[in-house]
There are 2 protein chains.
Amino acid sequence: MIKKNLTRRQQEISDYLQSHEHVFPFPPTLEELCHAMGVSSRGSMHKHIQALIAAGVVEPMVGRQRGIRLRPQHPPSPVSTSEAMGLEIPFLGYIAAGQPIEALAIPEMMVIPHWLRASRACYVLQVKGDSMIDEGILDGDWVIIEKRDWADNGEIVVALVDNNDATLKRIEQVPGKTILHPANANMKPMSFAPEQVRVQGILVGQMRTYR
Amino acid sequence: MIKKNLTRRQQEISDYLQSHEHVFPFPPTLEELCHAMGVSSRGSMHKHIQALIAAGVVEPMVGRQRGIRLRPQHPPSPVSTSEAMGLEIPFLGYIAAGQPIEALAIPEMMVIPHWLRASRACYVLQVKGDSMIDEGILDGDWVIIEKRDWADNGEIVVALVDNNDATLKRIEQVPGKTILHPANANMKPMSFAPEQVRVQGILVGQMRTYR
DNA sequence: GAGTATAGAACATAAAGAGAACAAAAGGAA
DNA sequence: TTCCTTTTGTTCTCTTTATGTTCTATACTC
């Protein structure tokens with residue numbers, strides 16, 4: 001990299017370009033840059049950009065419109081480490097309030113980001129129904145469940161009721177009873193004897209795709 | 001990939017072709033493209049297409065009718081991909097209704113599952129605030145944004161208003177105005193002149209962690 | 001004063017579009 | 001097939017607008 005010493009303003013502009021590089025659908029125009037940096041003269045901005053070109057930070061642009069692109073830098077080595085990969089955990093099936101978990105015959109593995117907290121044994125379920133809609137868990141969402149047989153109050157859990165119905169609910173355990181709170185204005189909390197409810201896991205992550 | 005630098009319009013048309021490739025029963029005609037892109041001159045569109053051919057994006061077509069086909073792109077993946085595992089895409093910063101995107105100085109890469117549909121260039125933002133709470137997008141959620149400068153009605157977009165405020169909203173474009181719908185009972189849709197609003201990307205995925 | 005930043009005007013050219021005229025392809029009807 | 005009509009791609013010329021470039025003048029800091 002050629003990188004002469006940049007002036008304060010040049011550095012600011014370079015930083016801005018760098019942090020916004022991936023946001024722009026197209027490279028910015030001088031005027032857009034002016035606006036972003038609080039400058040009102042295209043001419044002034046032009047001079048800065050020319051300096052950045054001379055310094056090797058920005059691609060040379062000859063008259064081209066929207067030609068302000070950062071020059072590809074060659075950083076130390078961004079090569080993906082194993083740390084940077086995803087984890088593979090099993091997708092087990094579907095969970096709908098009030099039905100048993102609808103299990104896949106053969107669980108398929110699916111990749112999730114490691115930073116989605118899959119520290120202990122986890123699995124993925126796909127949500128059916130709207131029972132947790134007020135918590136932002138919609139029909140079709142994927143939830144990552146950490147395998148665990150106990151829960152703290154307030155956690156969202158996969159609970160097996162009467163050894164039959166599996167549901168995703170927020171749990172509240174008080175002496176003598178266990179209450180499962182749906183997050184849907186149309187549904188009421190349900191109260192059970194503690195021995196009726198078995199925690200199968202707790203919610204640690206959630207994913208959704210659009211379209 | 002051959003990919004010369006495309007102009008803004010060329011990029012738009014290329015994007016359009018790509019995203020509609022599987023929608024068309026057969027490749028579109030120039031006139032259909034004109035209509036789709038809001039151009040009234042076949043001649044103008046022809047020039048764009050020729051540019052895309054020269055850039056290697058579109059198959060050469062010699063006189064053939066309905067010959068506008070995308071060239072098979074070998075590496076459709078935008079960023080470093082470790083195919084079996086996850087995709088690495090840049091995490092750029094935070095988005096809150098009514099403020100500019102708060103950009104990280106240096107974007108960090110983050111792994112997302114490849115099945116979260118990061119077909120084209122994408123980036124990740126973290127949501128601040130509750131403006132989309134009724135759509136199940138909560139404060140602190142991560143959203144995956146596909147870089148795009150146009151949107152179909154009903155899509156959730158990152159929209160830049162007055163070249164200043166970036167927000168995540170559902171978009172509705174009608175002749176003469178563009179309406180941004182928050183998903184929060186306490187907020188009202190906002191209506192703008194189309195030229196006030198610039199789409200920067202559309203929502204394709206969402207993730208959340210609990211703990 | 002040297003170096004840096006800024007504003008603003010004037011100018012130059014790239015990009016995009018409109019529209020007409022023509023040519024090649026496609027589809028039908030006889 | 002042949003003739004005709006319609007569709008669709010191609011070429012041109014002309015405008016308009018967006019955007020990069022150049023210059024000149026002013027101000028601030030060291």
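Predicted model only: the values in this text are computed from it and were never measured. Naming: A, B, ... by sequence-line order, numbering from 1 per chain.
Rounding to whole angstrom units, CD1 of residue A/Ile68 and P of D/dT19 are separated by 11 Å. Straight-line distance from the CD atom of B/Gln65 to the P atom of D/dT8: 6 Å, rounded to whole Å. With rounding to whole Å, B/Met61 atom CE is found 13 Å from D/dT7 atom C1'. Between the CZ atom of B/Arg9 and the C1' atom of D/dT17 there is a distance of 14 Å, rounded to whole Å. The CD atom of A/Glu32 sits 12 Å away from the P atom of D/dA18 (whole-angstrom rounding).
Checked against ring-ring contact (aromatic ring centres under 6.0 Å, His included), B/Phe91 has the following partners two or more places apart in sequence or in another chain: B/Tyr94, B/Trp142. In this view, B/Ser41 and B/Ser44 satisfy the side-chain contact (heavy atoms from CB on, under 4.5 Å) rule, not counting sequence neighbours. For A/Asp130, there are no salt bridge (Lys or Arg N to Asp or Glu O under 4.0 Å) partners two or more places apart in sequence or in a different chain. For A/Glu135, the side-chain contact (heavy atoms from CB on, under 4.5 Å) partners at least two apart in sequence or on another chain are A/Met132, A/Ile156, A/Arg170, A/Ala183. Among residues two or more places apart in sequence or in another chain, the ring-ring contact (aromatic ring centres under 6.0 Å, His included) test is passed with B/Phe192 by none. With sequence neighbours left out, A/Asp134 forms a salt bridge (Lys or Arg N to Asp or Glu O under 4.0 Å) with no residue at all.
If you check the side chains of B/Gln196 and B/Asp162, you find a donor sitting under 3.5 Å from an acceptor.
Across all their heavy atoms, B/Met45 and B/Ile13 have their closest contact at SD-CD1, 3.7 Å.
Proximity of A/Arg42 to the phosphate of D/dT21: no side-chain N or O atom is located under 4.0 Å from OP1 or OP2.
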All N/O donor-acceptor pairs, side-chain side in residues 26-33 of chain B, below 3.5 Å, sequence neighbours left out:
residue, atom, partner, partner atom, Å
B/Thr29, OG1, B/Glu31, N, 3.4
B/Thr29, OG1, B/Glu32, N, 3.0
B/Glu31, OE1, B/Arg42, NH1, 3.3
B/Glu32, OE1, B/Thr29, N, 3.0
B/Glu32, OE1, B/Arg66, NH1, 3.4
B/Glu32, OE2, B/Arg66, NH2, 3.2

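Ion pairing between a basic and an acidic side chain is recognised when a charged N comes within 4.0 Å of a carboxylate O; A/Arg64 and A/Glu59 show no such pairing.
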What are the atom names and distances for every N/O pair under 3.5 Å that joins the protein to nucleotides 28-30 of chain D?
none

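Each of B/Ile144, B/Ile145, B/Val143 was evaluated against B/Tyr123; a single residue qualifies, B/Ile145, per the side-chain contact (heavy atoms from CB on, under 4.5 Å) test.
A 4.0 Å heavy-atom criterion places the boundary nucleotides of DNA chain C facing chain A at C/dT4 to C/dA15, written 5' to 3'.
Comparing the start and finish of the helix from C/dG1-D/dC30 to C/dA30-D/dT1, five pairs each, the helix axis swings through 30°, to the nearest 10 degrees.
Non-hydrogen atoms lying under 4.0 Å from DNA chain C are contributed by B/Gly43, B/Ser44, B/Lys47, B/His48, all within residues 43-53 of chain B.
Applying the salt bridge (Lys or Arg N to Asp or Glu O under 4.0 Å) definition to pairs two or more places apart or across chains, those involving residues 11-20 of chain A are A/Arg8-A/Glu12, A/Arg9-A/Glu12.
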